[in-house]
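Order of the sequence lines sets the chain letters (A, B, ...), proteins ahead of strands, with each chain counted from 1.
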Amino acid sequence: MKNQEIAQVFDKIADCLEYKQESQFRQNAYRRAARAMMDLSEDVEDVYARGELKSIPGIGEGMAEKIAEYLDTGTMVRYEEARRGVPDTLLLMTRIPGLGPKTLRLVHEKLGVNTIEELEAAAKSGKLNELRGLGPKKAENILRGIRLRAESGQRVRLGVALPLVETITGQLRRKVKVAQCLPAGSLRRMRETVGDIDILATGADGPRIVEAFTKLPQVRDVLGQGDTKGTVITGDGLQVDLRVVPEESYGAALQYFTGSKSHNIRLREIARKKRLKVNEYGVFRGEKSICGRTEEEVYGVLGLDWVPPVLREDRGEIEAAQEHRLPRLVEQGDIRGDLHVHSKWSDGKATIEQMVLAAKELGYEYVAISDHSLSTVIAKGLDVARLHRQMDEIRKLRKKIDGIAILTSTEMDIKPDGSLDYPDDVLAEIDIVTASVHSAFKQDRRQMTERVLRAVESPHVDIIGHPTGRLIGEREPCAIDLEAVMKKAAQTGTALEVSAQWERLDLDDVSCRRAAEMGVRLAINTDAHYLTHLQYMRFGIATAQRAWVTKESVVNAWPLEELRAWLERAAVAV
DNA sequence: GCCGTTTTCGGCCCGACTGTTTTCAGTCG
């Protein structure tokens, strides 16, 4: 899978062109092409093999040739050419906040600066001030930028960012009069990680709201403070932007500030063609504001249905909204049960009864208790004897607790050779079987793929748990041919999990979309080890929504009877 | 370099804030 590699090459070309101050539009073309590679839900080599590279939006004649060249030869002449005269160490400096391409080129050419260390020295010695357009403040800003880049710059996971933003907006509401105050940006789009936090507020007194924002206890550093906009760095190094607009601009501002950037650019292009202008204050014909109070109005006047924030990535949602064929996405209310929940029998922290009651409290129709199997020793995996005792307890609980169906289950290891951790006759007794990889993550692609395929082919396995094993920001996804796994899963009716744990979100949105398109069934599960983890369902749902998934594909959005019928199918299909 | 209800050339999103400037360029989102 060379998608990411090619994306990086295109992005680097764009960086070089930016440094060399070549055409903005050409730079954008490379950035768009890079994004197109990242968003591609299948292997670019497969698209190339079919001769369909040019059907990818943003990939034209030239880009298609460059991709082909890279896949055939492993290099790209255009890349080498772009890099000429731009030392690699200089490219690293393009990510320093406050230091743009113009300044970078200036210090390189006039002062011979090639590295971050040299830049720092030049700023400290006052040499920077000698250059035209650069004063002492600028030098100070650059030093701060270097410091910021060194200590933060890490993207933060959704499950961390969301509680943080809820705290911040809550505090702001208490400190100052705001009509609206809510997260926008990638957080509202529920991306798996966010680079910064964007907050939108409406209210009459912009300067005062921004002032209050910069004085919040979490704020360590104020990067900018104007009448309508503030930018700060929190104690743990995360950038937070606040934007204040008048109430009548709420919809336009929310739309603008939610992004994504490429989604917004597309909208503004559409507006231009209609001789309209979209900005954060509204939609304008000439000087006259047509609308802006709600997002629905903004989309409507451009001829689009309202687009759910989770879809705003320029991955086809614009066209779908124009043609009134946006999907009705799966949502929290559609979920009827959690099919991956641990208990104290293995490494969970609550009893089965506690977990079941908590699931019932959430309004679920059913819940599956899926403790670890034998091989996961570290998690107190159950041998067959303990498994039987655990299942006995479940049978007793069924009599004690009504209003929710309790399914027997297991999260069973797929061993390195692809064999399963329980024998078939034991698996046949269990209502629902999730099979997961928990060891030998470093196997090569062929071994791993065959290993998982064996599990998919087992008539007893219903769900493949966290299919790639990734931990966001900690462990890369394992090498596996997901396309092959999905193809087989579509045939056997085996579901793939969308783990709602925010450290995992596995499958991710892009793969999940591919799976759904291929007709693979999905199971959105929390893999809860604590009672509170049951609440993580929202992250799994967001991931599925970002993958355009509707409730028909999601097995735990089905009524119990349908779910049981599907489980029966798994038992007879060999 | 891409792309088409301004179609094969001539466009390409829009505004806020900062710093160094005496009217605006650079950077950011």
Side-chain angles (χ1 to χ4, degrees), chain A residues 10 13-14 17-18 21-36 53-67 78 82 94-107 128-142 144-145 148 184-186 194-200 206-207 210 214 222-232 239-245 249 252-253 255-284 302-303 314 318 322:
Chain A
F10 282 157
I13 293 177
L17 296 183
E18 188 176 17
Q21 289 162 46
E22 285 188 33
S23 154
Q24 277 286 341
F25 308 117
R26 192 168 293 143
Q27 293 173 34
N28 286 343
Y30 280 102
R31 302 255 183 239
R32 277 195 68 192
R35 264 194 53 95
L53 284 174
K54 277 171 65 182
S55 70
I56 304 168
I59 305 298
E61 190 77 45
M63 296 294 183
E65 275 175 24
K66 290 178 181 74
I67 295 169
R78 185 70 181 89
T94 59
R95 302 276 177 260
I96 296 173
L99 177 73
K102 300 264 166 62
T103 314
L104 182 57
R105 185 161 170 172
L106 193 67
V107 297
L128 238 45
N129 302 352
E130 296 164 14
L131 299 175
R132 184 179 162 72
L134 294 184
K137 287 273 185 132
K138 189 82 186 168
E140 213 175 281
N141 267 342
I142 288 173
R144 182 163 61 178
L148 280 177
S186 47
V194 301
D196 62 7
I197 288 179
D198 300 305
I199 298 171
L200 174 70
V210 175
T214 61
V222 180
L223 295 187
Q225 180 179 355
D227 290 347
T228 69
K229 201 173 154 179
T231 301
V232 303
Q239 180 172 322
V240 186
D241 295 330
L242 173 75
R243 188 66 196 270
V244 187
V245 298
S249 297
Q255 196 293 314
Y256 155 78
F257 217 28
T258 297
S260 66
K261 191 176 171 179
S262 42
H263 175 91
N264 285 359
I265 289 176
R266 291 289 311 281
L267 280 195
R268 289 168 193 186
E269 283 170 358
I270 291 168
R272 274 184 82 90
K273 285 176 187 153
K274 294 183 187 292
R275 303 197 176 280
L276 299 171
K277 184 177 71 172
V278 182
N279 60 29
E280 55 266 55
Y281 299 109
V283 183
F284 295 81
L302 298 178
D314 191 18
I318 306 251
Q322 284 175 319

Give [X] one of three labels, base, sugar-phosphate or nothing, depending on what nucleic acid heavy atoms sit under 4.0 Å from its own.
X        : answer
A/Tyr256 : base
A/Lys261 : base
A/Thr103 : sugar-phosphate
A/Ile96  : sugar-phosphate
A/Leu267 : nothing
A/Arg272 : base
A/Asn264 : nothing
A/Arg31  : nothing
A/Lys54  : nothing
A/Gln239 : sugar-phosphate
A/Lys273 : base
A/Glu280 : sugar-phosphate

What distance, rounded to whole Å, do you find between the two [atom1] atoms, one in [N] and one in [M]?
N      : M      : atom1 : result
B/dT27 : B/dC9  : P     : 36 Å
B/dT6  : B/dC12 : P     : 13 Å
B/dG26 : B/dT22 : P     : 14 Å
B/dT20 : B/dC14 : C1'   : 24 Å
B/dA16 : B/dT21 : P     : 24 Å
B/dT7  : B/dG11 : P     : 11 Å
B/dG15 : B/dT8  : P     : 29 Å
B/dG19 : B/dT23 : C1'   : 13 Å

Check: [X] side chain, [Y] main-chain N or O, donor-acceptor pair, under 3.5 Å:
X        : Y        : result
A/Ser260 : A/His263 : yes
A/Gln322 : A/Gly303 : no
A/Asn264 : A/Tyr256 : yes

- Item | Nucleotide range of DNA chain B lying under 4.0 Å from chain A heavy atoms |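 Under 4.0 Å from chain A, the extent on DNA chain B is B/dG1 to B/dG29.
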
- Closer to the 5' end of DNA chain B via nearest nucleotide, is it A/Gly133 or A/Asp198?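 Here A/Gly133 is the residue nearer the 5' end.
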
- Want to settle it: does A/Gly62 or A/Asp196 sit nearer the 5' end of DNA chain B, counting the closest nucleotide to each?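 Of the two residues, A/Gly62 wins.
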
- Query: What is the pairing partner of B/dC12, taking Watson-Crick or G-U wobble pairs with both distances under 3.5 Å in any strand?
  - Reply: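 Per the H-bond distance test, B/dG1.
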
- How far does OH of A/Tyr30 sit from CD1 of A/Ile13, to the nearest 0.5 angstrom?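 A/Tyr30 OH to A/Ile13 CD1: 5.0 Å, rounded to 0.5 Å.
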
- Task: Please name all residues satisfying side-chain hydrogen bond (donor to acceptor under 3.5 Å, both in side chains) with A/Arg266, sequence neighbours left out, ordered by chain then number.
- Result: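 For A/Arg266 the side-chain hydrogen bond (donor to acceptor under 3.5 Å, both in side chains) partners, ignoring immediate neighbours, are A/Asp314, A/Glu319.
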
- Which of these passes side-chain contact (heavy atoms from CB on, under 4.5 Å) with A/Arg268: A/Leu276, A/Val278, A/Leu302?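 Answer after filtering A/Leu276, A/Val278, A/Leu302: A/Val278.
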
- Query: Only one of A/Thr231, A/Val232, A/Asp241 clears side-chain contact (heavy atoms from CB on, under 4.5 Å) with A/Leu223; which?
  - Reply: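 So, applying the side-chain contact (heavy atoms from CB on, under 4.5 Å) to A/Leu223 and each of A/Thr231, A/Val232, A/Asp241, only A/Thr231 qualifies.
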
- Query: Is A/Arg31 salt-bridged to A/Glu18, cutoff N-O under 4.0 Å?
  - Reply: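 Salt bridge between A/Arg31 and A/Glu18, a charged N being under 4.0 Å from a carboxylate O: yes.
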
